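Everything on this sheet refers to the single structure shown next.
All heavy atoms count here, side chains included; hydrogens, waters and symmetry mates do not. Everything quoted here is computed from the prediction, not taken from an experiment.
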Amino acid sequence: MALLHKATLRPTKLELLATWLPSRPWFAGPTGAEVVSRGAYRFDDPAGEVGIETMLIGTADGPVHHVPLTYRAAPLDGADAWLVGTTEHSVLGRRWVYDGCGDPVYAAALAHAILSGSGQAEQYFEVDGRREVREPTVTVVVDGAVDADLPAVGTVRRVVDEDHTIIDTDTVKLVVVRRPGTGVDGSAAATLKGRWDGQSTTVPLAYATPL
């Protein structure tokens, strides 16, 4: 489960992404255009240390982009190339925001979500000691083999950041579809699919294949 905080961010996630996205090789929107969120879903970090949110980001005249993000309380060693930026969270303080594809915690969470069939985490707020569930804005399903005995991801060995971002780990190969609706990996063991407001059918978001 993913605990959310009713808080303000300065700069906001969208402000960070508006600056960062045009620098990515897979970005296909117009430079300088305003970016908007089409929806988001979350995974849970079992250690409770890293926030994991994946956003579907679009522009008025461009495609939707699939952007995993991780939120950390301190910089991630060796991950400067994946840093989106920093933001001040009104509850948690300064947060370092990373492209999740370069964060081993995201890789482990994605592999577990797909290969265990667990999908996305339930999101909730704590209000006066009560749990208030937040309805998801993206519906995520898993299609394919479920492997409950897969060893946990320990090391990210290589990341190739192109139209599809490939994450090679010690136990599983992951592929993140950066522009949903482009290309299908028929060789993958299991697929994470999603739909959101404006996307009426489920489309592949990521693939996982045990090694």
Rounded distance [0.5 Å steps], [atom1] in [X] versus [atom2] in [Y]:
{"X": "Thr165", "Y": "Arg24", "atom1": "OG1", "atom2": "CZ", "answer": "9.5 Å"}
{"X": "Leu9", "Y": "Ser90", "atom1": "CG", "atom2": "OG", "answer": "7.0 Å"}
{"X": "Leu56", "Y": "Thr137", "atom1": "CG", "atom2": "OG1", "answer": "8.0 Å"}
{"X": "Leu83", "Y": "Leu76", "atom1": "CG", "atom2": "CG", "answer": "9.5 Å"}
{"X": "Tyr106", "Y": "Leu69", "atom1": "OH", "atom2": "CG", "answer": "9.5 Å"}
{"X": "Arg157", "Y": "Thr169", "atom1": "CZ", "atom2": "OG1", "answer": "7.5 Å"}

Is the count of non-hydrogen atoms from other residues, nucleotides or ligands lying under 6.0 Å from Lys173 atom NZ greater than 12? no
Say whether [X] and [Y] are linked into one hydrophobic cluster, either directly or through other cluster members, by side-chain heavy-atom distances under 4.5 angstrom.
{"X": "Ile57", "Y": "Trp26", "answer": "yes"}
{"X": "Trp96", "Y": "Leu16", "answer": "no"}
{"X": "Leu21", "Y": "Val176", "answer": "no"}
{"X": "Ile114", "Y": "Val159", "answer": "yes"}
{"X": "Val50", "Y": "Ile167", "answer": "yes"}

Side chains of [X] and [Y]: closer than 4.5 Å at any heavy-atom pair?
{"X": "Val160", "Y": "Arg158", "result": "yes"}
{"X": "His89", "Y": "Arg10", "result": "no"}
{"X": "Leu110", "Y": "Phe43", "result": "yes"}
{"X": "Thr171", "Y": "Leu211", "result": "no"}
{"X": "Cys101", "Y": "Pro68", "result": "yes"}
{"X": "Ile52", "Y": "Asp44", "result": "no"}
{"X": "Val105", "Y": "Thr70", "result": "no"}

Listed partners of Asp170 passing salt bridge (charged side-chain N to carboxylate O under 4.0 Å, His left out), at least two apart: none
List the atom of [X], the atom of [Y], and the distance in Å for their closest heavy-atom pair.
{"X": "Pro210", "Y": "Val172", "answer": "N-CG2, 3.9 Å"}
{"X": "Leu174", "Y": "Ala208", "answer": "CD2-CB, 3.7 Å"}
{"X": "Ala40", "Y": "Glu53", "answer": "CB-OE2, 3.6 Å"}
{"X": "Ala113", "Y": "Val142", "answer": "O-CG2, 3.5 Å"}

Could you please spell out the steps behind the side chain to side chain contact (heavy atoms under 4.5 Å, CB included) verdict for Lys13 and Tyr71? CA-CA 11 Å; Lys13 300 170 195 175; Tyr71 308 116; 3.4 Å; yes
Apply side chain to side chain contact (heavy atoms under 4.5 Å, CB included) to Val36 and Thr59, showing your working. CA-CA 6 Å; Val36 295; Thr59 62; over 6 Å; no
Could you pull out all residues at least two apart from [X] that satisfy side-chain hydrogen bond (donor to acceptor under 3.5 Å, both in side chains)?
{"X": "Arg38", "value": "none"}
{"X": "Glu88", "value": "Arg94"}
{"X": "His66", "value": "Tyr41"}

Polar side-chain atom of Gln120 near backbone of Val138 as donor-acceptor pair, under 3.5 Å: yes
Heavy-atom donor-acceptor pair, Thr87 side chain to Pro11 backbone, under 3.5 Å: yes
I would like to know whether Glu162 and His164 meet side chain to side chain contact (heavy atoms under 4.5 Å, CB included); could you show each step before the answer? CA-CA 5 Å; Glu162 296 178 344; His164 287 10; over 6 Å; no
How far apart are the C-alpha atoms of Leu205 and Val177, what are their side-chain angles, what is the distance that settles it, and do they pass the side chain to side chain contact (heavy atoms under 4.5 Å, CB included) test? CA-CA 5 Å; Leu205 298 175; Val177 180; 5.5 Å; no
Exercise answer: donor-acceptor pairs, residues 189-199 side-chain atoms, under 3.5 Å, sequence neighbours excluded:
from	atom 1	to	atom 2	distance (Å)
Lys193	NZ	Asp143	OD2	3.2
Gln199	NE2	Thr201	O	2.9
Gln199	NE2	Thr201	OG1	3.2

May I have all residue pairs that pass salt bridge (charged side-chain N to carboxylate O under 4.0 Å, His left out) and include part of residues 98-112, sequence neighbours excluded? Arg72-Asp103, Asp99-Arg178
